[in-house]
Amino acid sequence: MNDIVTEDSALVIEGLRKTFGKQTVLDYLDWSLPAGRVIGLLGRNGAGKSTLIRCALGLSPIDDGTVRLFGEDVKQLKPETLHRIGYVPQSFDLFPWMKVRQYLDFHAAFYARWNRELCDGLLGRWEVDAAKKIGELSQGQRQKLAIIRAIAPDPDLLLLDEPVASLDPQTRRLFLDELLRLTRRPGKTVVFSTHITTDLERADAEIALLKSGRIQFSCDLASLKARVLRVDLIDALPPADWRHPGIVRQVISDGAAYWIVDGLDEASVTEFAARFGARAVAASLSLEDIFIELG
């Protein structure tokens with residue numbers, strides 16, 4: 001469970017429970033997002049990532065718990081607080097009959113600090129034709145437009161649900177670099193829900209894992225990679241039934257063996273391996289491998 005922080009927090013969730021019929025999706029979840037962070041929200045399909053984001057924004061009713069954005073109850077946000085929030089859902093309806101410029105001008109009228117210069121610059125750099133009807137744009141261009149609309153009001157909290165799913169790898173990389181340049185200014189908090197772990201590694205994002213209805217951990221990428229390791233066992237094999245709370249998984253195959261360990265220090269791993277005459281050689285894992293092991 002994460003410690004709840006209220007001072008300078010963009011988002012604080014306490015005891016959030018959300019069900020659909022008899023299925024519990026979020027199970028008394030706690031989560032706090034200090035301002036000025038870029039956070040990657042990971043979880044398997046069906047883990048409830050989109051539901052969590054929608055509940056955090058007050059777009060989906062909750063069964064129990066509290067949600068506060070910038071210190072205010074999400075059910076009673078002031079208009080000026082709403083202007084500080086940007087959101088891009090996983091699926092969106094962008095009024096296909098409207099031209100891109102009309103669509104953006106329409107939304108600009110609702111915001112106190114719409115950055116027209118930023119908006120126009122992004123349209124150009126991301127090659128979105130302002131004169132085209134939205135229905136004529138490709139899926140990737142529509143996704144870019146949805147993010148431009150979310151960024152243009154200069155939000156202090158930006159929540160993105162699978163924001164680059166429709167972009168090819170090269171465009172995704174350029175796009176992500178641009179997005180992070182814009183959002184990594186003082187006080188800006190960004191949450192990515194994504195399955196593309198390489199994007200989170202490139203962004204050096206903090207990682208939050210949603211599993212079994214709760215945030216299992218939330219930490220910076222370097223700490224996570226130092227905590228979860230592959231340990232190859234040399235010179236001897238462990239008993240097939242060897243178990244320890246810090247060993248996530250043991251694999252013995254073709255005369256070789258390794259452990260996936262979580263939170264065990266070097267001395268402990270060395271001592272465990274020595275019990276049956278093996279040497280322990282630790283190696284770091286990619287974020288994708290960590291996600292597969294822990295997710």
Side-chain angles (χ1 to χ4, degrees), residues 1-6 9-77 81-82 84-92 143 146-147 150 155-165 179 183 188-197 199-200 203 205-221 224 287 290-292 294-295:
M1 181 180 296
N2 300 302
D3 293 333
I4 298 300
V5 180
T6 55
S9 291
L11 169 66
V12 176
I13 298 174
E14 296 178 278
L16 174 58
R17 185 169 187 266
K18 174 66 178 177
T19 61
F20 293 99
K22 296 182 179 180
Q23 180 185 9
T24 298
V25 179
L26 304 175
D27 190 15
Y28 297 103
L29 176 148
D30 296 328
W31 197 23
S32 177
L33 302 183
R37 306 285 181 87
V38 176
I39 297 142
L41 178 60
L42 284 176
R44 296 189 183 277
N45 286 336
K49 300 185 299 299
S50 297
T51 299
L52 174 55
I53 290 175
R54 288 182 57 81
C55 289
L57 292 170
L59 299 175
S60 183
I62 64 177
D63 299 300
D64 201 359
T66 61
V67 178
R68 297 194 299 279
L69 291 167
F70 302 107
E72 297 176 19
D73 190 303
V74 73
K75 299 175 184 177
Q76 299 175 327
L77 294 179
T81 303
L82 288 169
R84 299 176 64 188
I85 301 166
Y87 170 52
V88 179
Q90 191 170 15
S91 58
F92 39 80
Q143 197 161 31
I147 298 176
D156 295 319
L157 174 62
L158 181 62
L159 297 107
L160 305 163
D161 193 357
E162 300 286 353
V164 293
L179 180 62
T183 55
K188 304 298 183 184
T189 302
V190 183
V191 178
F192 287 88
S193 167
T194 182
H195 289 101
I196 307 173
T197 55
D199 285 346
L200 297 178
E206 296 186 18
I207 306 300
L209 177 66
L210 178 61
K211 181 181 178 181
S212 301
R214 298 184 180 183
I215 298 294
Q216 300 295 323
F217 61 78
S218 184
C219 63
D220 65 86
L221 186 56
L224 180 61
L287 178 57
I290 293 173
F291 175 49
I292 290 171
L294 301 185

Backbone of [Y] reached by a side-chain donor or acceptor of [X] within 3.5 Å:
X	Y	answer
Arg214	Asp27	yes
Asp30	Gly15	yes
Arg37	Ala205	no
Ser9	Pro34	no
Gln143	Pro163	yes
Arg54	Leu59	yes

Shortest non-hydrogen contact from [X] toward [Y]:
X	Y	value
Ala208	Ile39	CB-CG2, 4.2 Å
Trp31	Val191	CH2-CG1, 4.3 Å
Asp161	Ser50	OD2-OG, 2.5 Å
Gly43	His195	O-NE2, 3.5 Å
Gly36	Thr189	N-OG1, 3.0 Å
Ala56	Ile13	CB-CD1, 4.2 Å

Mind checking the [atom1]-[atom2] spacing from [X] to [Y]? Nearest 0.5 Å is all I need.
X	Y	atom1	atom2	value
Leu69	Arg84	CG	CZ	9.5 Å
Leu200	Leu42	CG	CG	5.5 Å
Ile207	Cys219	CD1	SG	8.0 Å
Asp156	Phe70	CG	CZ	5.0 Å
Leu16	Thr51	CG	OG1	10.0 Å

Do [X] and [Y] have side-chain heavy atoms sitting under 4.5 Å apart?
X	Y	answer
Phe217	Lys211	no
Leu224	Leu287	yes
Ile53	Leu160	no
Ile85	Leu77	yes
Glu206	Val38	no
Lys18	Leu29	no

Test: Asp64 and Arg17 ion pair at under 4.0 Å: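 Here Asp64 does not pair with Arg17 in a salt bridge, since their nearest N and O are not under 4.0 Å apart.
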Candidates Leu26, Leu210, Leu209 - the one meeting side chain to side chain contact (heavy atoms under 4.5 Å, CB included) with Ile215: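 So, applying the side chain to side chain contact (heavy atoms under 4.5 Å, CB included) to Ile215 and each of Leu26, Leu210, Leu209, only Leu210 qualifies.
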Residue among Leu57, Leu52, Val88, Leu41 satisfying side chain to side chain contact (heavy atoms under 4.5 Å, CB included) with Leu159: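 Of the listed options, the one satisfying the test is Leu57.
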